[in-house]
Amino acid sequence: MAQKPSIPKGTRDFTPSEVAKRNYIFDVVKKHFQIFGFQPIETPSFENSETLMGKYGDEGDRLIFKILNSGDYLKKVDEELYSSKNSTKITPKISEKALRYDLTVPFARYVVMHQNELNFPFKRYQIQPVWRADRPQKGRFREFYQCDADVVGSNSLLQEIELVQLYDAVFTDLKLKGATIKLNNRKILAGIAEVIGAKDLLVDFTVALDKLDKIGEEGVKKEMLSKGISETAIEKASPLFNLSGSNVDQLQMLGELLKDSEEGTKGVDELCFIVEAVASLGLQSCNLAIDVTLARGLNYYTGAIFEVSAPKGVSMGSIGGGGRYDDLTGIFGLKDVSGVGISFGLDRIYLVLEELSLFPKAIDRSLDVLCLNFGNMEGLAALKLTTVLRNAGIKADLYPSAAKLNKQFKYANSRNVPYVILLGEQELIDGSFVVKNMESGTQQTYSIDNAQEFVATL
RNA sequence: GUGGUUGUAGCUCAGCUGGUUAGAGCGCUGGAUUGUGGUUCCAGAGGUCGCCGGUUCGAACCCGGUCUUCCACCCCA
């Protein structure tokens, strides 16, 4: 029996128009990746489970799609383990592969496996889908694309500066004005935790701090208290809650707060360097803002942390993120290779551009010219003309049957075709064809032997 | 994973307190118009009311389950 087809939760089909818009973003991002000297790689859509598991924290493990083993996968589970119903213990027995959760960890694996072939510093970009078993909501999907650019093998802060420029270049090209590149540094967060005497609670401290603009100062303090951070520690950290002023002002205050922490001071120095350099280089359409509450990806970032938020007034989570990780390849056995990278969230950028109507107007124009079909002889002549146009690189098509002109014109309309060519009985005799401009409604006649004359007007 | 929300024609949505044959706009098809689209007019097609079960004389409407959508957590692009 025929059943109603459906697709899994959090996945999508894309229409021709959507694909055109997505490709537009891909092309812009890719172009700037290449201009900045990044090279493309691809990795498999699924990895060995042990490559992925444990790299994103407990929460991440939960969100990784596991692939069931082929064959009689329950055979390897002994009776005792089976009856224990312990999912975390049974999972590795019945699933040895998992879908890619992001592009960074597979890249680290790639670098380690190919270390002898790579020329460091290695700048790679990668545009591929990733999968997360998350609960979907607006801008959150279970299958989505990440566009990553990372540099490994250089600990120069110039890389961070270039990555800020790369964000700016892409968003400028996309005509997206007013995106904010938020910048923080893991060392600053560690320094604060150290200074207030909560060094071992760094992650809890920063996760709570991250929610400042969402749940407010009181909410953050409450969460910190519940995580076991002392009242006096919170009191010491309270200047952070009201940090304001320019980037330079904020860094000055942070420098003061962290003067007794070597690590924190180093973080402040790093940010100062980046902020000053970016200020002197200038940005075209993005803002750069220090944000000490920014605390994403702490599982592996060690230095700079980036996150890009959409322009004000657009309700959308971050549209990009990234950071510096000094030891990501360490977990795969390659020490002392520093990496830094950023990611563009294609699906979210799409939603933002759509909301702000920033896609180029003619982006889903799939045809430049449609030849109408008047019958056997005329149709054949029109196909010849279509071929000439195609050879000239014009997106041209011939309506396949001699349907009523009304219908053929309506088809041209729905396809958004700017020019329609009429080649009927009379034109066949005259050796001509008529071009109708569908927007203005005007018509012009050209000689069939001189189609170039028409081509030149396009 | 927790709590909530949504689902009716291809699309956007009405549908009263449970009551006969479930409606509109847009789109689609045909015609006015066999060589001229967008505007207009006329006609028509199209729905197991997400799915499964229950309550009831009777369910699009009430109840349970399930899937899906969106939202808030968690986390994150």
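These values consider heavy atoms only, across backbone and side chains, with no hydrogens, waters or symmetry-generated copies. Throughout, protein chains are lettered first and strands after them, A, B, ... in sequence-line order, and every chain is numbered starting at 1. Since the structure is predicted, the reported quantities are computational estimates derived from the model, not experimental observations.
B:rC11 and B:rU69 are spaced 15 Å apart, taking the P atom of each and rounding to whole Å. B:rC49 and B:rA9: their P atoms are spaced 10 Å apart (whole Å). A distance of about 29 Å separates the P atoms of B:rG30 and B:rC13, rounded to the whole Å. Atom C1' of B:rU34 sits at a distance of 46 Å from the matching atom of B:rU20, rounded to the whole Å.
Within the nucleic acid shown, A:Ile319 comes within 4.0 Å of sugar-phosphate atoms alone, with no base atom in reach, counting heavy atoms only. Residue-level contact check: A:Gly139 touches the bases, meaning some heavy atom is under 4.0 Å from a base atom. Counting any heavy atom pair closer than 4.0 Å across all strands shown, A:Gln146 reaches sugar-phosphate atoms only and no base atom. Contact annotation for A:Gly424: base contact, defined as any heavy-atom pair under 4.0 Å involving a base atom. Residue A:Glu378 is out of contact with every strand shown, counting any heavy-atom pair closer than 4.0 Å. If you check every strand for non-hydrogen atoms under 4.0 Å, A:Glu143 touches nothing.
The pairing partner recorded for B:rA24 is B:rU12, the criterion being a Watson-Crick or G-U wobble arrangement whose two distances lie under 3.5 angstrom.
In this structure, A:Phe144 forms an aromatic stack with the base of B:rA77, since both conditions hold: centre separation below 5.5 Å and plane angle below 30°.
Considering only side-chain N and O atoms, A:Gln443 lies nowhere under 4.0 angstrom from the phosphate OP1 or OP2 of B:rU36. Residue A:Lys211 places at least one side-chain N or O under 4.0 Å from the OP1 or OP2 atom of B:rC75.
A heavy-atom distance below 4.5 Å is not found between the side chains of A:Trp131 and A:Phe144.
The nearest pair of heavy atoms linking A:Gly339 to A:Arg324 is O-CD, 3.2 Å.
Ring centroids of A:Phe107 and A:Tyr125 are separated by 6.0 Å or more, keeping the two rings apart.
A:Glu453 and A:Ser447 are not linked by any side-chain donor-acceptor pair at a separation below 3.5 angstrom, with hydrogens and angles left out of the test.
Both the sub-6.0 Å distance and the 45° axial angle are not jointly satisfied by A:Arg100 relative to the ring of A:Phe46.
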